[in-house]
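Just below is one structure, and these are the notes that go with it.
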Amino acid sequence: MQRKKALRKELAKAGVKGFLITDPVNLRYITGFTGSSGFLIITLNKAMFVTDFRYQEQSKDEVKGFRIRIEREERSREIKKIVDEFAIKWLGFEARNISFEFYDNLLKRGIKLKPLTGIVNTLRAVKSADEISNITKAVRRAERAFTGLQPHIKEGKTEQFLSLKLGEFLRNEGCKKLPFEVIVASGSRSALPHAMPTNKTIKKGDFIVFDWGGEYCGYYSDMTRTVLVNGKNINKKKQLYHNVLEAQKRAIRAVRTGVKASVIDKAARNYIDNLGYGEDFGHGTGHGIGMAGHEEPFISWRSKDLIKDGMVFTVEPGIYLAGFGGVRIEDMVVAGRNGAEMLTGLPRQLKII
Ligand code: GLY
Ligand code: MN
Ligand code: MN
């Protein structure tokens, strides 16, 4: 199994001889297990997957290439037994995932612990051809759903209605779960980057920000389109939209294997800064996406990530003017030596309805 081998290589590189995986998404990535409770202990030549009685049958179907054990006792005791069986001196664990209480329980069992971050996440950031195919299918579902929504986008409809309707189209496309609740934010509310839909109705001259994601085989997509409702004095709004679109194009052009993620962020940010809107673009330019809605690499000025071939991420600059409205345009790309390949394909020209 490719992922198991790649993980062992990472562990060897990090000098880790025993590793405990508890993060459910990382567990799914390495073992295929989709249940809610389980863990894996892996060394350079042994491995044991453990879950509870509820998942006895499911784990037999899903977890291939690992020994499976059903836990009968308190989890820290089960872990201690395996640590002893495998003669693990120091057990690496996922520092981002474990609660302080659980950490303390493990310590009390006499396990020597070594916090680690990013081991599996680093692997997950680079997608295989199969993963890119799943993500692309999630994108296509999301795009068909949004296309289906078009006749419903009009004055008088509420944000809540449009959000639920788009959610319904996504479900009808076959999405089993959504990465987040569909965001629909209109008028001055479009200046809230992560607004939840309300009962506000769509009015003349409103920006409407739609931010939604699809799913296929456990992989997600994420995109945003901002549309404008025709009305008086929309020239400043049109200009704002074109500014964000230009910023996004510059960031996409900066995508290439080997560049720092922060360089992609800066391509959008410098452009927006120079227009005088620097303070109105407070979030990062993008994030990786796959089995989780947000994952490595992070495309921001703070990021230390380096772009590799096959990384899939969003490019989503925005300008948010309090009391006036906001624009965000979000697309998904896969990085390659020759630049960005677009995964999303819906038109990006301003749509005025
Ligand atoms: N909807 C979440 C995001 O765009 O990151
Ligand atoms: Mn996003
Ligand atoms: Mn989004």
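Side-chain atoms are counted along with the backbone in the values below, which use heavy atoms only and exclude waters and symmetry mates. Indexing begins at 1, ligand by ligand and atom by atom, following the structure's order.
Those atoms of ligand 1 with a heavy atom of H194 less than 4.0 angstrom away are 1 (N), 2 (C), 3 (C). Short contacts between ligand 1 and E330, defined as distances under 4.0 Å to a heavy atom of the residue, involve ligand atoms 4 (O). Contact atoms of ligand 1 toward H294: 2 (C), 3 (C), 5 (O) (distance under 4.0 Å to a heavy atom of the residue).
Here the protein contributes D222 OD2, H287 NE2, E316 OE2, E330 OE2 as N, O or S atoms under 2.8 Å from the Mn ion (ligand 2).
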Side-chain donor-acceptor pairs of residues 270-284 under 3.5 Å, sequence neighbours excluded:
residue, atom, partner, partner atom, Å
N274, ND2, N270, O, 3.2
H283, NE2, Y320, OH, 2.6

Salt bridge (Lys or Arg N to Asp or Glu O under 4.0 Å) between R3 and E131: does it pass, once the steps are laid out? CA-CA 13 Å; R3 290 178 184 171; E131 290 183 293; 3.3 Å; yes
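Considering CG of L123 and OH of Y29, their distance stands at 5.5 Å, rounded to 0.5 Å. With rounding to the nearest 0.5 angstrom, the OG1 atom of T51 is 6.5 Å from the CD atom of E71.
Nearest protein heavy-atom contact of atom 1 (N) of ligand 1 is D211 OD2, 2.9 Å.
By the criterion of a heavy-atom distance under 4.0 Å, the side chain of D222, and not its backbone, is placed next to ligand 1.
At most 12 non-hydrogen atoms from other residues, nucleotides or ligands lie less than 6.0 angstrom from CZ of R77.
Remark: K137 fails to qualify as a cation-pi partner of Y219 under the 6.0 Å distance and 45° angle criteria applied to the six-membered ring.
The one candidate from V334, V333, V139 that meets the side chain to side chain contact (heavy atoms under 4.5 Å, CB included) condition with M342 is V333.
Below 3.5 Å of separation, one finds no N or O of T224 facing any N or O of ligand 1.
Between F169 and H152, the angle of the ring planes lies from 30° to 60°, which puts this pair in the tilted group.
Note on L116: it does not cluster hydrophobically with L107, by side-chain heavy-atom contacts below 4.5 Å among ILVMFWY residues.
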